[in-house]
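Scroll down for the structure; my scribbles are underneath it.
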Amino acid sequence: MSDKDLQTRLDELETRLAFQDDIINTLSEQVAKQEMDIRELWNAKRLLHSQLKDVSSSNIKREEEEAPPPHY
């Protein structure tokens with residue numbers, strides 16, 4: 001193999017490596033963003049769960065426990 005062929009292959013490998021590094025960085029940023037989104041969603045779920053517990057333990061009766069309206 002000639003020096004020119006080796007240089008061409010080396011250039012191609014360096015180019016591929018640069019693209020792969022860029023893709024890895026992009027994917028890493030995306031994973032970090034998704035992790036933050038998931039944490040936000042879990043916190044929102046926890047808050048909603050807490051609010052639902054508060055509502056269900058208040059004076060509001062369940063539908064089955066309510067007396068029927070007078071016209072029934």
Side-chain angles (χ1 to χ4, degrees):
M1 207 175 257
S2 70
D3 286 345
K4 185 177 180 182
D5 290 339
L6 284 176
Q7 187 60 44
T8 301
R9 287 185 67 196
L10 183 59
D11 290 343
E12 286 177 18
L13 287 172
E14 287 175 342
T15 302
R16 287 172 124 186
L17 181 60
F19 281 122
Q20 287 178 353
D21 283 345
D22 184 52
I23 289 171
I24 289 170
N25 287 333
T26 301
L27 290 172
S28 181
E29 289 170 4
Q30 187 65 33
V31 167
K33 182 185 177 303
Q34 288 178 345
E35 183 179 348
M36 289 173 53
D37 290 345
I38 289 170
R39 286 182 185 183
E40 272 185 48
L41 289 169
W42 271 104
N43 288 335
K45 178 203 146 289
R46 251 186 244 117
L47 178 63
L48 284 172
H49 183 72
S50 171
Q51 290 173 344
L52 281 174
K53 273 184 156 179
D54 292 345
V55 167
S56 66
S57 64
S58 69
N59 291 335
I60 299 174
K61 294 182 180 179
R62 294 181 14 214
E63 189 176 342
E64 303 86 43
E65 298 170 345
E66 287 287 335
H71 63 277
Y72 275 99

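One is the number of the first residue; the rest follow in order along the sequence.
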Q. Given the rule in the side chain to side chain donor-acceptor pair (under 3.5 Å) test, do Gln7 and Asp3 qualify, once you have shown the distances and angles that lead to the verdict?
A. CA-CA 6 Å; Gln7 187 60 44; Asp3 286 345; over 6 Å; no
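- A salt bridge links Glu35 to Arg39: one of the charged nitrogens lies within less than 4.0 Å of a carboxylate oxygen.
- When side chains are defined from C-beta on, Leu13 does not count as touching Leu17, because their heavy atoms never get closer than 4.5 Å.
- Judged by distance alone, the side chains of Glu29 and Asn25 never bring a donor and an acceptor atom under 3.5 Å apart.
- Taking CG from Asp21 and CZ from Arg16, the interatomic distance works out to 13.5 Å, rounded to the nearest 0.5 Å.
- Put simply, CG on Asp22 and CG on Leu27 are 9.5 Å apart, with the number rounded to the nearest 0.5 Å.
- A salt bridge is absent between Arg9 and Asp5; no separation between the charged side-chain nitrogens and carboxylate oxygens falls under 4.0 Å.
- A donor-acceptor pair is defined here as one N or O able to donate and one able to accept, closer than 3.5 Å; such a pair exists between the side chain of Thr15 and the backbone of Asp11.
- Applying the under-4.5 Å side-chain rule to Ile, Leu, Val, Met, Phe, Trp and Tyr, the cluster around Ile38 extends to Trp42.
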Q: Show the numbers, then the answer: is there a side-chain contact (heavy atoms from CB on, under 4.5 Å) between Gln30 and Thr26?
A: CA-CA 6 Å; Gln30 187 65 33; Thr26 301; 5.7 Å; no
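- When hydrophobic side chains of Ile, Leu, Val, Met, Phe, Trp and Tyr are connected at separations under 4.5 Å, Met1 ends up clustered with Leu6.
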